Amino acid sequence: MMKIVSNFNEQTGMVDINFVVNLPEKFRKQHEDFFSIYEVTDFQPNQLQDRLLKPKHERTCRFCTKSFPEVTFKKKAHIIPELLGKSSFVSDFECDVCNLLFSTYETDLASFIGAPRSLSSKKGKNGNPTYKSAYGNLEIRHREDPETGSKKDLTSSNFEEDIEINLDDKKMTINADRPPYTPLRVFKSLAKIALTLFNEEEFAEYADLNLMLQQTDEQQNKLSGNPLCRAMIYVNPGPEFPSPLALMVRKKKSSETFPTHSMLLYFHNYIYQIFLPFCKQDLWMYDGKTNITLHSAPPMVDKAFTNKYGLPELHNVELSSAERIKNQKHTIVMSFNNILKMEGNENDVTKSEE
């Protein structure tokens, strides 16, 4: 769907990053506008940046600034969380204490994604999780059939309300609910990924944001209620992205009234975009008078793909609330090849992967 070409430019001493994609007409103007003001500065996984990790006894954590042996570095600190798909890219600047803290935020991110994680064909760290609705009436399990491959078993005690099947269009609508999550902790999980992508100089520009990630009292956190704490989410129909991908962009002119950095995260059938608050270069904008604009990046999907499966849909989601959200309704529409069986009082469905 999208090809990234990166080459080392000997004249500038920098890596040139270019996209090879034939965008649908709907997104071409958006692409032109966005990349006239932002430029890609990094992406992960990036083979050009593959390097040897420091020995554990020489490591320093960039988040808490503590070094070995005051803190340990036993755990693998993945740049992109494994819950979004398996990744072998890890950092050498995240200690076990900070890793444990950030993993609690990842739990909220997993809950926010919800049932689609169980419907995904991409395995995370512990395989495909089982989904159970808040009241226990809907369950989604993954299993491997030695003869027919990957399967999703959907079981419901309230079939007519939980699952709608259109055999003519071969589409299934699943009415699920998200496990409890705190929106601000979802944002902090995404912001942490962004901070991991930065080099040391860029990371230093976000010292204040890093401190806010360390603060566990969400009600007192300066991020709470911040309008920049949101995600622009494209839901992409059709097959999933092959593997998770993170892109970092930086604005070309520091005088422009929009955030310096934005991160794009491709995984499963989603494209998440966030903007990073509290960059030192942006503090002049926080005067209560300046109108800060957020520019949505185009979904980098090929025209041939959208012609077959349809166009991505954009959702603007506010993630600044420190309040715990429970039993939030979540509707998933997906296509299927065929239904292998329906059992009992039409309350069990086994679906084959598309």
Side-chain angles (χ1 to χ4, degrees), residues 80-87 103 106-181 186 233 235-244 266-272 308-310 312-313 315 325-354:
I80 300 178
E82 286 189 295
L83 71 91
L84 304 181
K86 286 189 175 180
S87 173
S103 69
E106 291 176 10
T107 300
D108 286 75
L109 176 59
S111 295
F112 177 74
I113 298 170
R117 290 187 62 229
S118 300
L119 293 166
S120 172
S121 61
K122 308 301 179 184
K123 295 181 179 180
K125 180 178 180 180
N126 299 313
N128 298 87
T130 295
Y131 167 82
K132 292 184 179 181
S133 62
Y135 300 103
N137 52 298
L138 176 64
E139 184 174 300
I140 305 172
R141 289 182 177 273
H142 174 92
R143 64 182 173 87
E144 293 293 335
D145 189 299
E147 296 182 357
T148 55
S150 179
K151 300 291 175 292
K152 306 296 181 185
D153 292 342
L154 283 70
T155 304
S156 174
S157 59
N158 194 1
F159 187 88
E160 292 184 354
E161 289 189 11
D162 292 339
I163 304 172
E164 303 169 30
I165 297 177
N166 187 322
L167 294 176
D168 294 330
D169 294 337
K170 289 192 174 181
K171 288 188 177 181
M172 177 186 299
T173 301
I174 302 172
N175 299 310
D177 50 56
R178 289 186 170 103
Y181 73 94
V186 175
I233 302 175
V235 180
N236 197 45
E240 299 170 278
F241 295 112
S243 59
Y266 288 67
F267 68 96
H268 296 180
N269 288 92
Y270 298 101
I271 306 170
Y272 279 38
K308 184 175 182 179
Y309 298 106
E313 294 184 0
H315 304 265
I325 294 180
K326 298 180 180 179
N327 305 332
Q328 185 181 55
K329 299 302 179 183
H330 186 37
T331 300
I332 306 106
V333 179
M334 60 188 303
S335 59
F336 56 86
N337 283 338
N338 56 78
I339 294 178
L340 300 181
K341 60 182 177 179
M342 296 180 68
E343 298 180 339
N345 297 320
E346 295 190 339
N347 64 347
D348 294 327
V349 175
T350 299
K351 181 191 75 69
S352 64
E353 288 296 336
E354 183 174 19

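Because the structure is predicted, anything quoted here is derived from the model rather than measured.
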Determine, stepwise, if the pair T155 / R141 fulfils side-chain contact (heavy atoms from CB on, under 4.5 Å). CA-CA 8 Å; T155 304; R141 289 182 177 273; over 6 Å; no
Test log, rule side-chain contact (heavy atoms from CB on, under 4.5 Å), inputs E164 and N175: CA-CA 8 Å; E164 303 169 30; N175 299 310; 3.2 Å; yes
Determine, stepwise, if the pair M172 / L154 fulfils side-chain contact (heavy atoms from CB on, under 4.5 Å). CA-CA 11 Å; M172 177 186 299; L154 283 70; 3.6 Å; yes
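- Between atom OH of residue Y272 and atom CG of residue L84 there is a gap of 8.5 Å, rounded to the nearest 0.5 Å.
- The side-chain heavy atoms of F159 and I165, taken from C-beta on, include a pair separated by under 4.5 Å.
- Side-chain contact between S120 and E240 is present, with heavy atoms from C-beta onward closer than 4.5 Å.
- A donor-acceptor pair is defined here as one N or O able to donate and one able to accept, closer than 3.5 Å; no such pair exists between the side chain of N327 and the backbone of D177.
- Contact detail for N269 and P239: the closest heavy-atom pair is ND2-O, 3.5 Å.
- Expressed to the nearest 0.5 Å, how far CD1 of I174 lies from OG of S133 amounts to 11.5 Å.
- Proximity of Y131 to L138: side-chain heavy atoms (C-beta onward) are separated by under 4.5 Å at one or more points.
- Contact between P244 and G85 at its shortest, heavy atoms only, is CG-O, 4.0 Å.
- Here L119 contributes atom CG and I332 contributes atom CD1; the two are 6.0 Å apart, rounded to the nearest 0.5 Å.
- What you find for G310 and P237 is that their closest heavy atoms are O-CG, 3.3 Å.
- At least one donor-acceptor pair closer than 3.5 Å links the side chain of K152 to the backbone N or O of S118.
- A cation-pi geometry, defined here as NZ or CZ lying under 6.0 Å from the six-membered ring centre and within 45° of its normal, holds between R178 and F112.
- Distance CZ/R143 to CG/N128: 13.0 Å, rounded to 0.5 Å.
- Here the closest heavy-atom approach between residue L83 and residue E106 is recorded as CD2-O, 3.5 Å.
- Taken to the nearest 0.5 Å, the CD1 atom of I113 stands 11.0 Å off from the CG atom of D108.
- Aromatic ring orientation, Y270 versus F267: tilted (interplanar angle from 30° to 60°).
- Between G114 and P179 the shortest heavy-atom distance is CA-CD, 4.3 Å.
- From S103, atom OG reaches atom CD of E82 across 12.0 Å, with rounding to the nearest 0.5 Å.
- Summarising the geometry of A115 relative to H330, their closest heavy-atom pair is N-CD2, 4.4 Å, with the distance given to 0.1 Å.
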